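One-based numbering, in listed order, for ligands and for the atoms of each. Predicted model only: the values in this text are computed from it and were never measured. The figures here come from the full heavy-atom set of this structure, side chains too, leaving out hydrogens, waters and symmetry mates.
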Amino acid sequence: MSIPAEAQLRQRLAELARSYRFSMAREVAATIAHQINSPLGAVLTNVETLQALLQGPAPDLAELRAIAADIQSDSHRAAGVVRHLLNLLERSKVELEVIDLSSPVRDAVDFYATLAASTPLHVSSSIAPEPLPVKGNAVLLQHVMINLLANAMEAMSGLPRDQRRLEIATARVENSADVLVADTGPGIPSDKLDEVFMPFFSTKEQAMGLGLSIVQSIVEAHDGKVWAENRRGGGAAFRITLPLAQG
Ligand code: ADP
């Protein structure tokens, strides 16, 4: 490759990396803003109710206590979202190391559960009982999971709540550590199963279509593979397989 061509490629890669980071930050910020707004809205409504009750001649103490308890738990919920984010950022300096693949999966599921506390849905997670040592970066692997979980939740957003089911599993299969994230959404048209990983492919109105291409880049940087399937009973499944660390 000639020097100008290489310089051009480097510049394009740098631009791509910048837009990846921008889109991740934007998506995380939008999710956080949305999820903090919900407990804050509940706190505000409860405070307004408290104020109205306190205007009355003989406020019912039991009712006041119940409202105060609600305010406390919603405030904890909002604080939990912030705490999880800070934990995630603090750990972002970690380099490659041997980690148990189930641990970033579990962290991302917990993180998402905090964010999604206002959206009850059925989650079944089956985490491998034995450690799944892989050489990797826990924060990047968490990003992979958060992207897959966000997509699964979005895919199911049109369904009645009792039909939204999220399945997460990790397992050791021969010399690999495997992860499954499956949902009960509409699935992916069979001719788009590969295309969904292309940068800027999106069927959503206000999305950049970078999530799955980031997922694929991170998984491939860990010498792994990621692919999408449709489930027999309906819904999409994303599978990741990473080589187990030697020794
Ligand atoms: P974005 O979410 O910004 O559109 P992604 O790269 O994460 O970008 O996803 C690309 C496209 O893949 C989505 O717009 C959607 O059409 C499809 N997709 C991803 N995950 C799912 C899923 N769980 N079920 C159905 N379609 C999906």
Side-chain angles (χ1 to χ4, degrees), residues 12-13 15-35 88 104-105 107-109 111-113 115-116 119-126 137 139-171 178-222 224-242:
R12 270 179 39 210
L13 283 177
E15 276 161 16
L16 199 61
R18 260 199 303 279
S19 68
Y20 274 5
R21 278 200 296 274
F22 174 68
S23 95
M24 272 213 234
R26 220 176 65 147
E27 277 166 27
V28 171
T31 319
I32 303 263
H34 178 72
Q35 299 299 338
L88 214 68
V105 170
D107 286 351
V109 172
F111 176 65
Y112 221 83
L115 289 183
T119 322
L121 86 163
H122 188 269
V123 181
S124 73
S125 67
S126 145
N137 180 297
V139 175
L140 290 177
L141 291 170
Q142 270 175 8
H143 274 302
V144 164
M145 288 305 296
I146 287 173
N147 267 303
L148 295 181
L149 295 176
N151 277 342
M153 301 281 286
E154 276 172 28
M156 295 190 289
S157 59
L159 290 177
R161 297 216 155 162
D162 59 345
Q163 288 173 28
R164 298 181 197 175
R165 277 190 213 107
L166 191 58
E167 189 187 333
I168 297 125
T170 65
D178 291 7
V179 181
L180 165 80
V181 175
D183 61 60
T184 50
I188 298 169
S190 54
D191 60 332
K192 298 278 186 282
L193 286 170
D194 291 329
E195 218 176 314
V196 290
F197 291 97
M198 305 273 282
F200 307 112
F201 175 89
S202 181
T203 53
K204 299 170 195 169
E205 254 176 37
Q206 289 196 324
M208 293 186 74
L210 287 174
L212 287 177
S213 70
I214 294 171
V215 163
Q216 191 176 45
S217 317
I218 296 175
V219 170
E220 287 178 354
H222 284 79
K225 285 200 193 95
V226 53
W227 67 98
E229 299 171 351
N230 283 309
R231 309 178 89 194
R232 247 181 248 138
F238 285 83
R239 291 182 184 276
I240 294 171
T241 177
L242 298 185

*What atoms in ligand 1 come closer than 4.0 Å to a heavy atom of V196?*
6 (O), 10 (C), 12 (O), 17 (C)

*Closer than 4.0 angstrom: is that true for some heavy atom of G209 and an atom of ligand 1?*
yes

_Option set P189, A182, A155, criterion heavy-atom distance to atom 22 (C) of ligand 1, minimum_ = A155

_Under 3.5 Å between any N/O of K204 and any N/O of ligand 1: does that happen in this structure?_
yes

_Minimum non-hydrogen distance to atom 4 (O) of ligand 1, winning option of G235, S202, A228_ = S202

*Give a yes/no on ligand 1: does F238 have at least one heavy atom closer than 4.0 angstrom to it?*
yes

*Per-residue contact class, I188 against ligand 1 - non-hydrogen pairs under 4.0 Å*: side chain

*Compare every heavy atom of F238 with every heavy atom of A228, then report the nearest pair and how far apart it is.*
CB-CE2, 3.5 Å

*Would you mind running through ligand 1 and noting each atom that sits below 4.0 Å from a heavy atom of L212?*
5 (P), 6 (O), 7 (O), 9 (O), 12 (O), 19 (C)

*asked:* Restricting to non-hydrogen atoms, name the atom on L242 and the atom on G224 that form the minimum distance, rounded to 0.1 Å.
replied: CD2-CA, 3.7 Å

*Before signing off on this row, confirm whether E154 and ligand 1 have an N or O atom pair separated by under 3.5 Å.*
no

*Any chance NZ of K225 has more than 12 other-residue heavy atoms, nucleotides or ligands included, within less than 6.0 Å?*
no

*asked:* Closer than 4.0 Å to some heavy atom of F201 - which atoms of ligand 1 meet that?
replied: 10 (C), 11 (C)

*Taking all atoms of both residues into account, what is the closest heavy-atom pair of V219 and V226, and its distance?*
CG1-N, 4.0 Å

*Considering residues at least two apart in sequence or located in another chain, which fulfil the side chain to side chain donor-acceptor pair (under 3.5 Å) criterion with E195?*
none

What pairs of donor and acceptor atoms, side-chain ones from residues 178-193 against any protein atom, are under 3.5 angstrom apart with sequence neighbours left out?
residue : atom : partner : partner atom : Å
D178    : OD1  : T241    : OG1          : 2.8
D183    : OD1  : G185    : N            : 2.8
D183    : OD1  : A236    : N            : 3.1
T184    : OG1  : Q163    : O            : 2.7
T184    : OG1  : R165    : N            : 3.0

*Is R164 reaching over with its side chain to a backbone N or O of M153, donor-acceptor style, under 3.5 angstrom?*
no

*Less than 4.5 Å apart, any side-chain heavy atom of I240 and any of H222?*
no

*Could you tell me which atoms of ligand 1, counted from 1 in the order shown, lie closer than 4.0 angstrom to a heavy atom of G211?*
5 (P), 6 (O), 7 (O), 8 (O)

*Any heavy atom of D183 sitting closer than 4.0 Å to ligand 1?*
yes

